[in-house]
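Here the structure is laid out as structure tokens; the discussion comes afterwards.
Because the structure is a prediction, the values reported are computed rather than measured.
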Amino acid sequence: PNIITALTAQGRADVPVAVIQHGSWANERVGLAPAHAILNVVANHNLTNPAIIVIGEVVRLHPHWQQTQSVFIRENPSVAPDYKPFLISR
């Protein structure tokens with residue numbers, strides 16, 4: 001929450017954020033959203049440790065970022081590609 005508060009105070013509420021739970025494991029899950037929405041993604045989809053937070057324009061390089069205007073949550077990446085919100089799970 002402190003990072004999001006700082007980003008918002010600096011006028012960067014729309015900066016892309018990824019939360020990667022269990023990175024590189026078979027049960028990896030990724031939540032993608034602008035900073036102003038990422039706390040809801042984390043809470044609503046129970047993204048917990050171990051997790052890595054990536055903040056910045058590099059998140060836009062994620063192959064599923066282009067499919068969202070706001071929050072990204074998908075339980076299964078093979079489900080309809082235009083489905084929103086979105087969380088990616090392997």
Side-chain angles (χ1 to χ4, degrees):
N2 294 339
I3 294 170
I4 301 308
T5 301
L7 287 169
T8 302
Q10 295 173 11
R12 302 210 50 215
D14 290 329
V15 68
V17 178
V19 177
I20 306 164
Q21 179 185 33
H22 299 296
S24 79
W25 297 1
N27 59 340
E28 176 181 297
R29 297 170 64 211
V30 179
L32 302 171
H36 65 82
I38 198 67
L39 294 177
N40 289 332
V41 170
V42 169
N44 292 339
H45 300 283
N46 199 31
L47 292 174
T48 60
N49 286 323
I52 297 169
I53 301 169
V54 180
I55 300 171
E57 295 305 311
V58 68
V59 175
R60 292 185 195 279
L61 298 176
H62 190 284
H64 296 293
W65 181 261
Q66 297 302 320
Q67 296 175 10
T68 187
Q69 300 296 317
S70 58
V71 177
F72 239 2
I73 275 296
R74 180 178 290 175
E75 293 301 331
N76 183 341
S78 64
V79 176
D82 57 349
Y83 176 79
K84 296 173 193 166
F86 199 76
L87 173 66
I88 303 143
S89 267
R90 287 188 190 180

Scan the side chains in residues 9-18 for donor-acceptor partners under 3.5 Å anywhere in the protein, sequence neighbours excluded, and list what turns up.
unit_1 : atom_1 : unit_2 : atom_2 : d
Asp14  : OD1    : His36  : NE2    : 3.4

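Residues Val42 and Leu39 have side chains not in contact (no heavy-atom distance under 4.5 Å, counting atoms from C-beta outward). Contact annotation: the side chain of Ile38 approaches that of Val41 to within less than 4.5 Å [non-hydrogen atoms, C-beta and beyond]. At least one side-chain heavy atom of Ile55 sits under 4.5 Å from a side-chain heavy atom of Ile3.
Applying the salt bridge (charged side-chain N to carboxylate O under 4.0 Å, His left out) test to pairs two or more places apart or on separate chains, none has a residue in residues 34-45.
Minimum heavy-atom separation, Pro50 to Trp25: CG-CH2, 4.0 Å.
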### Query
What do the steps show when you test Thr8 against Thr5 for side-chain contact (heavy atoms from CB on, under 4.5 Å), and what is the final call?
CA-CA 5 Å; Thr8 302; Thr5 301; 5.8 Å; no

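Atoms CG and NE2, from Leu47 and His22 in turn, are 9.0 Å apart once rounded to the nearest 0.5 Å.
Gln21 places no side-chain N or O within 3.5 Å of a backbone atom of Arg29 that could act as its donor or acceptor partner.
Considering only residues two or more places apart in sequence or on other chains, Arg60 meets the salt bridge (Lys or Arg N to Asp or Glu O under 4.0 Å) condition with Glu57.
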